[in-house]
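These figures come from a predicted structure and were not determined experimentally. To find a chain, count down the sequence lines: A is the first, B the second, and so on, and within it residues start at 1.
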Protein chains: 2
Amino acid sequence: MTAEDVARRAGVSRSAVSRTFTEGASVSEATRLRVLKAASALGYRVNRLAQRLGRERSSLVGVLASNLSTPYMATHLDALSQALLQQNLQCLLINAVDGDSNVSRLIDLILEFRVRAIVVISVTPPSAIIRECVANGVPIVLVNRLTENAHADTIVTDDAGGARLAAERLIKAGCRRPVIVSSATASQMRRVEAATAAFSKAGVDPILWSRGPSRYETGSQAARELLAAHDVDGAFCVTDLLALGFIDTARVAGRRVPEDISVVGFHDTPQASWLSYRLTTIRQPVDDLIGAIMRALQRKPGPRKPLKTVLPLELVERETVRKR
Amino acid sequence: MTAEDVARRAGVSRSAVSRTFTEGASVSEATRLRVLKAASALGYRVNRLAQRLGRERSSLVGVLASNLSTPYMATHLDALSQALLQQNLQCLLINAVDGDSNVSRLIDLILEFRVRAIVVISVTPPSAIIRECVANGVPIVLVNRLTENAHADTIVTDDAGGARLAAERLIKAGCRRPVIVSSATASQMRRVEAATAAFSKAGVDPILWSRGPSRYETGSQAARELLAAHDVDGAFCVTDLLALGFIDTARVAGRRVPEDISVVGFHDTPQASWLSYRLTTIRQPVDDLIGAIMRALQRKPGPRKPLKTVLPLELVERETVRKR
DNA sequence: CTGTTAGCGCTTTCAG
DNA sequence: CTGAAAGCGCTAACAG
């Protein structure tokens, strides 16, 4: 079913058909109706590929993500894909497997679809490919990736500030022998550094533990190793998932949270508020994040100053830090 | 940058360019190299839209989902999108908001992209639109949606069988006053029915509770209401999320799981194995599910018998059912 | 193996 | 407001 078929059946030209399906084109109500009728009779529907082939901006947005099953990423993707749909944008999802071998190739793949823009979550593309996107007129927005690249739009949450909040809370609770557990990704290391600095400033010297992927089991392993070897009274886990694993195995080992060990997480995923945990954590403002992304996508095409947004984080106080 | 530009620079015809980028086309190594060189110098990349516009099958697969942030859906989507990428298929993701107003419109939207196939998870499209897909030569595969429609490929897990397993386990544990908690979606109701039947067969008459969305909070609410009103000794929650919420608030209310109440979930999401829960549940074989989907996508085009797959489920025994 | 020649389905000037 | 005509970038038959 092509526009031609519809035109023939409606007894008009194919331009007329095109026009009735084009927002704000000039067609008389009469022909519009005839076309519409013919179209629905024939089950015609615009071919977006051919449509895009002409000049118009595509409605496809490439989304490069990874670790989708993680509560944190899942929440993000959910919100993002809903927002995209609402703006009449379609989401071309590429799920990089965790040890993102060649991100460049994946972005390249996305570019082949002549997308309107690319949103990158949870992986870091090399600077060269970013430049290439921009050269191709495809804005690229990096979420929570710090990059030196001056071309990409970047939206980051204030990881350092959040980590500081976490460390300070622990200090205020009287922790003198804290651990910081992370799984060594770039954005996690930023949190580790900032927390370490905050602890130092208060004269306490945290033990650093950093290993493996960002999973519940990793937090679990951290607790097993750390509690056996050290006399720990507080933990900043740079991810809720890590924190939950940590808490559970600490409890299995007979430690009480928060009485014996205070724990602070990061993200405020849904699980953090579950009654078994009531985790004190740092809230990522998902809605603001998505809002910023959408704003970046809405910008007019053409050469523009890249957008640099940083979102503040806040502590959400629940029950895994000792009161005093 | 078009194939034409590359051709000019390499001093060949545009067909030569096309051929070097087509798997298994006949080009001499010499021209292939020259084209490749010119292409990379120019930063050329195939335009998939135009490519598809010709005859060839698209590599786009439409995925219609919803509730992406739910651990269960997140796990699925993660696996599915990885599998697609691995097969060189791209994923056009449409996230229907929960109360899926007009699924038809969304499928229609997907169809506009001339996808190779559509995979539907977690919403149920009307029969009419399914027929339309098939009429358009776009196979549609329905995951865990029972439908009378004879055209769609369907892949379902044996919900009834799984529910029976759950009920039988509870009976074996000696539960005489069980509840079944669900949140009233179609596939959940199938589980409710099968479990009810299994209980009846053993001469026990379960209390049915069915309300709200499939969330942790719903399970929590169920526990609050049911435990206040009835003397419950077992619960089959038709979703892990429901089960987890149920367990947590049961414990807050002073009931011990499994000593006072045995609980069985459904799905075996990652959280089910967390140490705070160790939930006995029914395992959904995600890999098999994905495997079946991919198999459906791989099928040759053209008129074919729809594929009907049903996957068996199994009980995974952990620690929320009383031993005896 | 290679170039030439038609399209694929749609949008968009440009005249009428 | 409407139709005719010229592409958009690519692939595929068809001769050489």
Side-chain angles (χ1 to χ4, degrees), chain A residues 1-36 38-39 42-60 90 108-109 111-116 136-138 301, chain B residues 1-36 38-39 42-60 90 108-109 111-116 136-138 301:
Chain A
M1 283 310 111
T2 81
E4 173 110 44
D5 298 321
V6 177
R8 196 157 27 220
R9 188 183 225 274
V12 297
S13 72
R14 58 161 147 305
S15 325
V17 178
S18 177
R19 286 185 185 113
T20 72
F21 288 102
T22 301
E23 194 69 25
S26 63
V27 215
S28 72
E29 198 55 16
T31 57
R32 215 182 82 83
L33 256 40
R34 296 179 55 191
V35 169
L36 250 27
L42 260 43
Y44 167 79
R45 103 188 72 232
V46 175
N47 180 334
R48 297 233 178 195
L49 274 38
Q51 180 174 279
R52 160 61 188 154
L53 195 51
R55 246 163 294 312
E56 209 193 339
R57 284 217 286 173
S58 163
S59 65
L60 258 189
Q90 276 61 56
D108 218 71
L109 178 60
L111 249 18
E112 290 178 3
F113 283 90
R114 298 304 190 265
V115 295
R116 168 199 294 233
N136 279 278
V138 179
Chain B
M1 285 307 112
T2 80
E4 173 111 43
D5 298 321
V6 177
R8 195 156 29 220
R9 188 184 225 271
V12 296
S13 72
R14 59 160 147 305
S15 327
V17 177
S18 177
R19 285 183 186 112
T20 72
F21 288 102
T22 301
E23 194 70 25
S26 62
V27 215
S28 72
E29 197 55 18
T31 57
R32 216 181 81 84
L33 256 41
R34 294 179 55 190
V35 169
L36 250 27
L42 261 41
Y44 166 80
R45 104 188 71 232
V46 175
N47 181 333
R48 298 233 177 195
L49 273 39
Q51 180 175 278
R52 160 62 190 154
L53 194 51
R55 245 163 294 314
E56 209 192 338
R57 284 217 286 172
S58 161
S59 64
L60 258 190
Q90 276 61 55
D108 217 71
L109 178 60
L111 249 19
E112 289 178 2
F113 283 90
R114 298 304 190 265
V115 295
R116 167 199 295 233
N136 279 277
V138 178

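When rounded to the nearest whole Å, the span between CG of A:Asp5 and C1' of C:dC8 equals 13 Å. When rounded to the nearest whole Å, the span between CZ of B:Arg48 and C1' of D:dC8 equals 18 Å. Rounded to whole Å, atom P of C:dG9 lies 7 Å from atom CG of B:Leu53. Atom CZ of A:Arg57 and atom P of C:dT12 are 14 Å apart (whole Å). Residue B:Asn47 contributes atom CG, which lies 18 Å from atom P of C:dC8 at whole-angstrom precision. The CD-P distance, from B:Gln51 to D:dG9, rounds to 14 Å in whole Å. At whole-Å resolution of the value, CD in A:Glu112 and P in D:dT11 are 11 Å apart. Atom C1' of nucleotide C:dG9 and atom CZ of B:Phe113 are separated by 15 Å, given to the nearest angstrom.
Taken from CZ in B:Arg116 to CG in B:Leu60, the straight-line distance is 10.0 Å, to the nearest 0.5 Å. Distance check: B:Leu53 CG to A:Arg52 CZ gives 13.0 Å after rounding to the nearest 0.5 Å. Atom CG of A:Leu33 is separated from atom OG of A:Ser28 by 9.0 Å, given to the nearest 0.5 angstrom.
Rotation axes derived from the C1' atoms of the five outermost pairs at either end of the helix from C:dC1-D:dG16 to C:dG16-D:dC1 lie 30° apart, to the nearest 10°.
Counting any heavy atom pair closer than 4.0 Å across all strands shown, A:Val17 reaches no nucleic acid atom.
A:Asn47 is not listed as a side-chain neighbour of B:Phe113, based on a closest heavy-atom distance of 4.5 Å or more.
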Quiz prompt | CA sep, side-chain torsions, deciding dist, call: B:Phe21, B:Tyr44, ring-ring contact (aromatic ring centres under 6.0 Å, His included) | solution = CA-CA 11 Å; B:Phe21 288 102; B:Tyr44 166 80; 5.4 Å; yes
Quiz item: Should A:Arg114 and A:Ser58 be marked as a side-chain contact (heavy atoms from CB on, under 4.5 Å) after you check the CA-CA gap, both sets of side-chain angles, and the distance that decides it?
Solution: CA-CA 7 Å; A:Arg114 298 304 190 265; A:Ser58 163; 5.5 Å; no
Exercise. Could you go through the side-chain contact (heavy atoms from CB on, under 4.5 Å) check for A:Met1 and A:Val6 one step at a time?
Key: CA-CA 8 Å; A:Met1 283 310 111; A:Val6 177; 6.0 Å; no
Donor-acceptor pairs are to be reported for all side-chain atoms of residues 7-17 of chain A against protein atoms at under 3.5 Å, with residues two or more places apart or in another chain.
from    : atom 1 : to      : atom 2 : distance (Å)
A:Arg8  : NH2    : A:Asp5  : OD1    : 3.0
A:Ser13 : OG     : A:Ser15 : N      : 3.3
A:Ser13 : OG     : A:Ala16 : N      : 3.3
A:Arg14 : NH1    : A:Glu4  : OE1    : 3.2
A:Arg14 : NH1    : A:Glu4  : OE2    : 3.4

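Of the candidate nucleotides C:dG3, C:dT11, C:dG9, C:dT11 has the atom nearest to the side chain of A:Val46.
Looking at residues 26-33 of chain B, you'll see that no heavy atom sits under 4.0 Å from any atom of DNA chain D.
Residues satisfying the side chain to side chain donor-acceptor pair (under 3.5 Å) criterion with A:Thr22, sequence neighbours excluded, are absent altogether. In this structure B:Glu112 satisfies the side chain to side chain donor-acceptor pair (under 3.5 Å) test together with A:Arg48, sequence neighbours excluded.
With A:Asn136 contributing its side chain and A:Val138 its backbone, the two residues share no donor-acceptor pair below 3.5 Å.
Side-chain nitrogen and oxygen atoms of A:Ser13 include at least one within less than 4.0 Å of the OP1 or OP2 phosphate oxygen of D:dG3.
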Heteroatom pairs (N/O) under 3.5 angstrom, protein to nucleotides 12-16 of chain D:
from   : atom 1 : to      : atom 2 : distance (Å)
D:dA12 : N6     : B:Ser15 : OG     : 3.4
D:dA13 : N6     : B:Arg19 : NH2    : 3.2

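With DNA chain C read from its 5' end, the first of the two nearest nucleotides for A:Arg45 and B:Gly11 is the one closest to B:Gly11. Both A:Ala25 and B:Arg52 lie near DNA chain D, and the one whose nearest nucleotide falls closer to the 5' end is A:Ala25.
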